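Note: hydrogens, waters and symmetry copies are ignored here, and every other heavy atom, side chains too, is used. All values derive from a computational prediction rather than experimental measurement. Both counts, for ligands and for their atoms, begin at 1 and track the order of listing.
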Amino acid sequence: MSDLKSGPSVNRSLQGEGSPEQWLAAITDLSEDAIVSESLTGEINSWNRGAERLFGYTSEEAIGKNVRMLAEPGQEKEFDLLLGRVLHGERIDHQEVFRRHKDGTRLFVSLSLSPVRDAQGKIIGVVKIARDITQRKITQESLDESQRALEELRRQQERSRAEVIASRRFREMIESAPDAILEVNEAGQILVANKTAEATFGYERSELVGLGVDSLVPIAYRHAHAAHRSSFARAGKTRPMGQGLNLTAVRKDGSEVPVEISLSPITTSTGVQTIAIIRDISERRRTEEQVRSLQENYMRELQARHEEAERLNRLKSEFLASVSHELRTPLHTIIGFAELLVEQAEGPLNATQLRFLEHIRRDSEHLLGLINDVLDLSGMEADGLTLHAEDLNLEQVIQQAVDGIAPYASARVVEVRRGEIPSAKVQADAGRLRQILNNLLSNGVKFTPAGGHVEVSAVLDGRFAEVCVRDTGVGISAEEQERIFEKFYQVGNASGGVREGTGLGLAICRQLVEMHGGTIYVASKPGEGSCFCFTLPLSTV
Ligand code: ADP
């Protein structure tokens, strides 16, 4: 190649025996490759045999023509680009390009180009060597193609292997599902059954396949089932079967098993098939049954205990009522005679005797109060109390209660006063309402240190009047507030050491207020006094 680069262009018409040009021409002619030289504008100057073979043009046809005739249609630009690079002095080796044979076929050639210079080094033309690599290219392409096909084959194989594995896994999954799974055709014939189906229905799989699914349905429902089956296939929707019903399936041995069934249709080439998933719920039913019977036993026991407690309570109330009654009679005698003695109608008594008598009288009265309270409460609990409700002037009733407590309050140096009281009428039993007010007022006085005060006020609230007794006494802690309405409950030290009474007053108040259809509650803070409020229905007239 290097001699070509520096040598002159070769023309078959060159003269001179044994000249280097002739030698060169002979060598060129021998070459298997196409060797072509051309002018700066691409005009063909020489065309060897190799070029004739490769491109199909004889040298006579080619010489003088423009080399662009070898360009593939539309590729002339690339042609000029290569030429341009060579004319700039570049040498191009083994460029793989497409060319066109005289008969129009496409050739794939490996092209080397080199500029040809004159003695002064000026470029005067181009020489090209083209080697046909079409065959090689075809071979390469078909090799690539087979490589690709092989690759694709391998991928396909992998895909189908994965599919096989997936479908095997799927089958295993279906087989080992905890539910029986059946595929049933439109005629109601079982096509596929999993392993759990064998255990659930007690059939071998070979017996299940082909069996009419209706034979798994209790005889009483078989007829209806066949109708349901065809309507299900028509509706084509997944749904539970017999929702809300206790379904059972019949096993091969005729025994019945409680089941839960869900159905879903699938469309296949042979029609709409139904997939039935059947769960044996015997265990769940057993547990539900156990829970239910436990619950029933528990409720029965609870009821029995409740009745027993009520009976005992009634007995207790009756007992208390009769005992209290028996105690009251002699107490009245004691108090009566003590009072007579105090009056000294039967002769004078000395100061000590009078003091002793006063003790007897006071404690007897306390005992009588206690017995009256017990009697009251037990009477209420034994439903022995009837209210005589009437329309009462609220202001009047409260005033009477305030007046009634005055001697007791002044003895303890506690002021009892009236706050705001609207004029209104309430529906209440006069005696019982006085009892409530008296209880609250005497508690207020009792638990308020000397110098304090107790105030009664009322407001109207809808269909009720709310009466409040507020004191400036010792107050009650939040925990105690919840308990003071219980029977016999007395706050220990929180009452500031005050300990007289029975612990029944508030229990009686609550009973009475509730019997009137009202409610009672307390708001208090230790050291800041208490406020007891209760409601009573207003008169409707
Ligand atoms: P008691 O006969 O002891 O007064 P109550 O049922 O009337 O019985 O009251 C229960 C307890 O509630 C009282 O012993 C007292 O500790 C507390 N209590 C009631 N009223 C007041 C009050 N106004 N201030 C402080 N404590 C009170």
Side-chain angles (χ1 to χ4, degrees), residues 317 320 324 327 362-381 385 398 401-402 404-406 408-419 431-458 466-516 518-535:
S317 299
L320 281 176
S324 305
L327 287 174
R362 205 188 57 215
D363 280 2
S364 301
E365 265 175 4
H366 178 68
L367 198 54
L368 185 62
L370 174 65
I371 291 165
N372 280 340
D373 279 357
V374 171
L375 202 60
D376 233 13
L377 203 61
S378 52
M380 286 181 232
E381 284 175 356
L385 188 93
I398 289 176
V402 170
I405 202 76
Y408 176 55
S410 69
R412 302 189 72 113
V413 202
V414 173
E415 187 199 346
V416 177
R417 61 192 187 206
R418 264 184 55 179
R432 293 305 180 180
L433 176 52
R434 238 188 333 271
Q435 194 180 354
I436 298 168
L437 282 166
N438 194 45
N439 251 319
L440 297 180
L441 282 168
S442 61
N443 273 352
V445 172
K446 191 162 53 172
F447 296 105
T448 299
H453 65 261
V454 179
E455 186 181 284
V456 200
S457 60
E466 186 182 60
V467 181
C468 292
V469 178
R470 189 185 303 271
D471 64 52
T472 57
V474 293
I476 309 158
S477 70
E479 310 88 71
E480 304 285 3
Q481 286 172 30
E482 303 198 350
R483 303 203 53 195
I484 52 173
F485 293 97
E486 291 170 13
K487 280 177 279 182
F488 299 108
Y489 189 81
Q490 291 184 305
V491 178
N493 289 330
S495 304
V498 182
R499 222 176 210 302
E500 44 183 294
T502 58
L504 286 172
L506 289 177
I508 292 173
C509 283
R510 185 169 65 179
Q511 280 275 4
L512 289 175
V513 167
E514 287 175 358
M515 282 167 88
H516 278 87
T519 51
I520 184 166
Y521 66 91
V522 61
S524 180
K525 256 193 190 159
E528 292 182 17
S530 313
C531 181
F532 283 85
C533 297
F534 64 95
T535 58

Item to check | Short side-chain to backbone donor-acceptor contact, Glu528 and Gly475, under 3.5 Å | outcome: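 Checking the backbone N and O of Gly475 against the side chain of Glu528, no donor-acceptor pair under 3.5 Å is found.
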Next on the checklist: I'd like to know if the side chain of Thr448 and the backbone of Val445 have a donor-acceptor N/O pair within less than 3.5 Å.
Outcome noted: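 Judged by distance alone, no pair lies under 3.5 Å.
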Taking non-hydrogen atoms only, is [X] closer than 4.0 angstrom to ligand 1 via side chain, backbone, both or neither?
X: Ile476; answer: side chain
X: Asp471; answer: side chain
X: Glu480; answer: neither
X: Phe532; answer: side chain

Next on the checklist: State whether cysteine residues Cys533 and Cys468 meet the disulfide criterion of an SG-SG distance below 2.5 Å.
Outcome noted: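 Yes, the SG atoms sit under 2.5 Å apart.
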Item to check | Whether over 12 other heavy atoms sit under 6.0 Å from Glu514 CD | outcome: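 Result for CD/Glu514: enclosed.
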Item to check | Sub-4.5 Å side-chain heavy-atom contact between Phe532 and Ile436 | outcome: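 Contact flag for Phe532/Ile436 side chains = no.
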Item to check | Sub-4.0 Å heavy-atom contact, Ser530 with ligand 1 | outcome: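 The answer is yes: ligand 1 sits under 4.0 Å from a heavy atom of Ser530.
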Item to check | Contact (N/O only, under 3.5 Å) between Gly503 and ligand 1 | outcome: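 Between Gly503 and ligand 1, an N or O pair is found under 3.5 Å apart.
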Checklist entry - In terms of atom number and element, which parts of ligand 1 are under 4.0 angstrom from non-hydrogen atoms of Lys446? => result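 Heavy-atom distances to Lys446 below 4.0 Å select 1 (P), 2 (O), 4 (O).
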Item to check | Winner among Ile508, Asp373, Asn443 once heavy atoms are compared against atom 19 (C) of ligand 1 | outcome: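 Among Ile508, Asp373, Asn443, the closest heavy atom to atom 19 (C) of ligand 1 belongs to Asn443.
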Checklist entry - Of the listed options (Leu506, Thr448, Leu441, Val469), which comes nearest to atom 5 (P) of ligand 1 when hydrogens are ignored and any heavy atom counts? => result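 Among Leu506, Thr448, Leu441, Val469, the closest heavy atom to atom 5 (P) of ligand 1 belongs to Leu506.
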Checklist entry - In chain order, what residues pass the side-chain contact (heavy atoms from CB on, under 4.5 Å) check against Glu415, with sequence neighbours excluded? => result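 For Glu415, the residues satisfying side-chain contact (heavy atoms from CB on, under 4.5 Å) (neighbours in sequence not counted) are Arg417, His453.
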Next on the checklist: So, using salt bridge (Lys or Arg N to Asp or Glu O under 4.0 Å) as the criterion, who are the partners of Arg432 when residues are at least two apart?
Outcome noted: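 Scan of Arg432 (salt bridge (Lys or Arg N to Asp or Glu O under 4.0 Å), adjacent residues dropped) gives Asp376.
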